[in-house]
Amino acid sequence: QQQQQQQQPSLLDATKEKRGGFGVRLIWFHHIKSLTKRKAIVASARELRLAGFCKPGFPGLVCCEGDEEACASFVAAIRALRWQAMDVRWQHTSPSA
């Protein structure tokens with residue numbers, strides 16, 4: 001099992017080489033009810049080492065912050081889950097120090 005985990009590519013691997021600035025995303029959803037999707041949101045954020053929060057219900061809201069490349073990967077991964085409506089309502093990027 002440990003060997004399988006080492007062989008599987010992760011979202012973090014895609015962003016390790018590129019370290020940009022600090023990014024923030026505020027993502028709006030029509031709703032977040034599915035426990036499976038809520039767990040996927042948390043798992044993706046942890047894997048990419050992002051901080052933030054998730055507000056399930058009507059409307060749903062996710063805020064994430066961390067490495068800019070990780071934020072972009074997070075949005076792409078979450079968008080792939082198929083939502084009734086999803087929109088990145090606000091984003092901000094600061095150059096790295």
Side-chain angles (χ1 to χ4, degrees):
Q1 185 181 9
Q2 189 178 20
Q3 192 175 25
Q4 279 182 333
Q5 288 176 346
Q6 291 175 354
Q7 292 175 353
Q8 293 176 345
S10 70
L11 294 173
L12 185 59
D13 292 338
T15 61
K16 272 185 182 176
E17 296 175 9
K18 301 177 186 175
R19 289 291 176 192
F22 183 81
V24 181
R25 300 290 191 283
L26 187 60
I27 310 163
W28 172 90
F29 300 87
H30 178 266
H31 65 269
I32 303 175
K33 294 192 318 183
S34 168
L35 185 59
T36 304
K37 288 182 180 179
R38 288 165 47 190
K39 286 182 178 182
I41 289 168
V42 172
S44 295
R46 283 187 178 154
E47 185 176 348
L48 292 166
R49 297 186 182 133
L50 295 173
F53 64 89
C54 175
K55 181 238 172 229
F58 295 88
L61 187 67
V62 171
C63 180
C64 68
E65 63 180 21
D67 183 68
E68 172 59 28
E69 295 293 329
C71 284
S73 295
F74 176 75
V75 170
I78 297 306
R79 194 176 300 275
L81 294 176
R82 294 178 46 108
W83 300 92
Q84 182 175 347
M86 174 186 164
D87 186 33
V88 177
R89 293 283 173 105
W90 186 77
Q91 60 183 1
H92 177 73
T93 304
S94 299
S96 57

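When a residue number appears, it is its place in the shown sequence, counting from 1.
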Taking every non-hydrogen atom, the tightest pair across [X] and [Y]:
X	Y	answer
Gly23	Cys71	O-SG, 3.3 Å
Phe29	Pro59	O-CB, 3.5 Å
Ala70	Leu48	O-CD1, 3.5 Å

Find the distance between [atom1] ([X]) and [atom2] ([Y]) and round it off to the nearest 0.5 Å.
X	Y	atom1	atom2	answer
Gln91	Glu65	CD	CD	14.5 Å
Cys64	Leu50	SG	CG	5.0 Å
Phe53	Lys55	CZ	NZ	10.0 Å
Thr36	Leu81	OG1	CG	10.0 Å

Open item on the list: With a 3.5 Å distance limit and no angle check, can you tell me whether Lys37 reaches the backbone of Arg82 through a side-chain donor-acceptor pair?
Closed with: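 Yes, the answer is positive, given that a donor and an acceptor are paired below the 3.5 Å cut-off.
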
- [ ] Could you go through the side-chain contact (heavy atoms from CB on, under 4.5 Å) check for His30 and Phe58 one step at a time?
- [x] CA-CA 6 Å; His30 178 266; Phe58 295 88; 4.2 Å; yes

Are side-chain heavy atoms of [X] and [Y] found at a separation under 4.5 Å?
X	Y	result
Ile78	Ile27	no
Met86	Val62	no
Arg38	Val42	no

Open item on the list: Within the supplied structure, the quantity of interest is the number of heavy atoms (other residues, nucleotides, ligands) at a distance under 6.0 Å from Lys33 NZ; does it exceed 12?
Closed with: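 Counting neighbours around NZ of Lys33, 12 or fewer heavy atoms of other residues, nucleotides or ligands fall under 6.0 Å, so no.
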
Open item on the list: If you apply the rule side-chain contact (heavy atoms from CB on, under 4.5 Å), what do you find for Arg79 with Val88, and how did you get there?
Closed with: CA-CA 10 Å; Arg79 194 176 300 275; Val88 177; 3.7 Å; yes

